[in-house]
Amino acid sequence: MNNQFKKVKMFIIFVILFCSLLFIIGPTATSGPLDSYFECEPVIIIEYNESILQDPVIPYETATRIPIEIKARIKGPGDEIVSDYLFNSGAFLPVKLFIEEVPEGCHASINPPLLELKPIYKEFSTIHANVSLTVDKRLPALQQEHIIIRVETARLGYKAAILKRGNVTLEMPFFIGFYPQVSIFTPEGNVKEIHPDETAEFPIELQNFGNGNTEINSEIIDLPEGWVAEIISGIVLGSENVGGNPKETIILKVRPPISFGYHEERKIIQVALTPSYYKNSEYAGEPHYLFFVVQSRGFSTPGFDFITLLFAFSLISFFIFRKKQSKRRGL
């Protein structure tokens, strides 16, 4: 019984001593005022050449490449101590780069996405990366958009020399370029045979697949001498991402020269259709060239109807005159 009591007594004394030891050691293991005094933060600056994005980004073209520069330094109480500690310890500062925000229809990436900055101290240190930017036709022409880049740095240091995490973003605005994409179809073909006194008509169906309302400027650029051709000079097509009717039909009318006699002529008429942004003709695509063949075949008698009418009138007048003369003689 005495032995058991002694064991219990020794266990209680051991627990008391152990708790007392934890109480004594505990405060020395926590961070004191000295630690927070040497806790600094990074200053991060992101820069890029804004002139690169002065020109609109054209849908589906080669990616626009924007070099960016990331600068970082240490700031805060005891920055010299923290700086010297990190520098002497050979510490690298991990830097992560993200595309934080990107509009629908835009694709952006950063290369490389992970960098190391060394040394990191009171003066700015610099690293470089590249942002690649492409867009598709879902974004309306000449609309302003933006992407947001985020740069994060890791926590560095030990005990009293600490560099806190860094986090900074940059908004990068840009404009969407005009993407002219028009489908052209001639449902009745591009060859017709007509009589010399007829007019050949060629329907031309247009459909806009671009990223903005598009004006089609039509021009007859090659017309044989003596022939006459007509086509509407300008028409606006709507677009899926802006609104309006993206389909229209225009008609090319061609008339051959008329002269007395038999005709058998085969001529080519050339038409140019040029798409441009309907609000600003400076943004234009390449012209589309169409060729139409018209064959005029048959006998032409210009003025023949008038001559026939005049002859008939003269003949009737002659018979009336003869009849009157006959009556007078009978009297």
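As a basis for the values below, the full set of heavy atoms in this structure was taken, side chains included, without hydrogen atoms, waters or symmetry mates.
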Heavy-atom neighbours of [X] [atom1] exceed 12 at 6.0 Å:
X: Arg266; atom1: CZ; value: no
X: Lys192; atom1: NZ; value: yes
X: Gln143; atom1: CD; value: yes
X: Gln144; atom1: CD; value: yes
X: Glu171; atom1: CD; value: yes

What I'd like to find out is whether the side chain of [X] reaches to under 4.5 Å of the side chain of [Y], using heavy atoms alone.
X: Pro103; Y: Ile147; answer: yes
X: Tyr283; Y: Pro180; answer: no
X: Glu69; Y: Tyr48; answer: no
X: Val102; Y: Leu133; answer: no
X: Asp55; Y: Thr64; answer: no

[X] versus [Y], closest heavy-atom pair with distance:
X: Phe209; Y: Ser183; answer: CE1-CB, 3.5 Å
X: Arg165; Y: Pro42; answer: O-CD, 3.9 Å
X: His128; Y: Leu115; answer: O-CD1, 3.6 Å
X: Asn130; Y: Pro67; answer: OD1-CA, 3.4 Å
X: Leu93; Y: Ala154; answer: CD1-O, 3.6 Å
X: Pro196; Y: Pro256; answer: O-CG, 3.3 Å

Point-to-point distance, once rounded to the nearest 0.5 Å, from [atom1] of [X] to [atom2] of [Y]:
X: Cys106; Y: Glu104; atom1: SG; atom2: CD; result: 11.0 Å
X: Ile149; Y: Ile110; atom1: CD1; atom2: CD1; result: 4.5 Å
X: Tyr278; Y: Phe178; atom1: OH; atom2: CZ; result: 11.0 Å
X: Lys137; Y: Asn208; atom1: NZ; atom2: CG; result: 8.5 Å
X: Ile44; Y: Lys75; atom1: CD1; atom2: NZ; result: 12.5 Å
X: Phe175; Y: Leu53; atom1: CZ; atom2: CG; result: 10.5 Å

Check whether any side-chain N or O of [X] sits under 3.5 Å from a backbone N or O of [Y] as a donor-acceptor pair, and report yes or no.
X: Ser276; Y: Ala284; result: no
X: Asn211; Y: Leu139; result: yes
X: Glu198; Y: His195; result: yes

Selection residues 234-253 - residue pairs positive for side chain to side chain donor-acceptor pair (under 3.5 Å), sequence neighbours left out: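 Listed once each, the pairs are Asn213-Ser239, Ser239-Asn241.
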side-chain contact (heavy atoms from CB on, under 4.5 Å) between Val95 and Leu97, intermediate numbers included: CA-CA 7 Å; Val95 180; Leu97 295 87; 4.1 Å; yes
So, are [X] and [Y] salt-bridged, with charged N and O less than 4.0 Å apart?
X: Glu230; Y: Arg255; result: yes
X: Glu193; Y: Arg297; result: yes
X: Lys71; Y: Glu47; result: yes

Cation over ring face, Arg150 and Phe98, 6.0 Å, 45°: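 Negative - Arg150 is either too far from the ring of Phe98 or too far off its axis.
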Under 4.5 Å side-chain linkage, directly or through intermediates, the cluster mates of Ile251: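 Taking Ile, Leu, Val, Met, Phe, Trp and Tyr as members, Ile251 stands alone, with no cluster partners.
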Co-members of Phe202 in a cluster of I, L, V, M, F, W and Y side chains, linked at under 4.5 Å: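 Phe202 shares its hydrophobic cluster with Val182, Ile184, Ile194, Ile204, Leu206, Ile216, Ile220, Leu223, Trp227, Ile231, Ile232, Ile235, Leu237, Ile250, Leu252, Val254, Ile269, Val271, Leu273, Leu290, Phe292, Val294.
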Working for side-chain contact (heavy atoms from CB on, under 4.5 Å), residues Ser109 and Ser132: CA-CA 5 Å; Ser109 62; Ser132 295; 3.8 Å; yes
Intermediate values then yes/no, salt bridge (Lys or Arg N to Asp or Glu O under 4.0 Å), Arg155 and Glu41: CA-CA 9 Å; Arg155 178 184 175 90; Glu41 62 182 15; over 6 Å; no
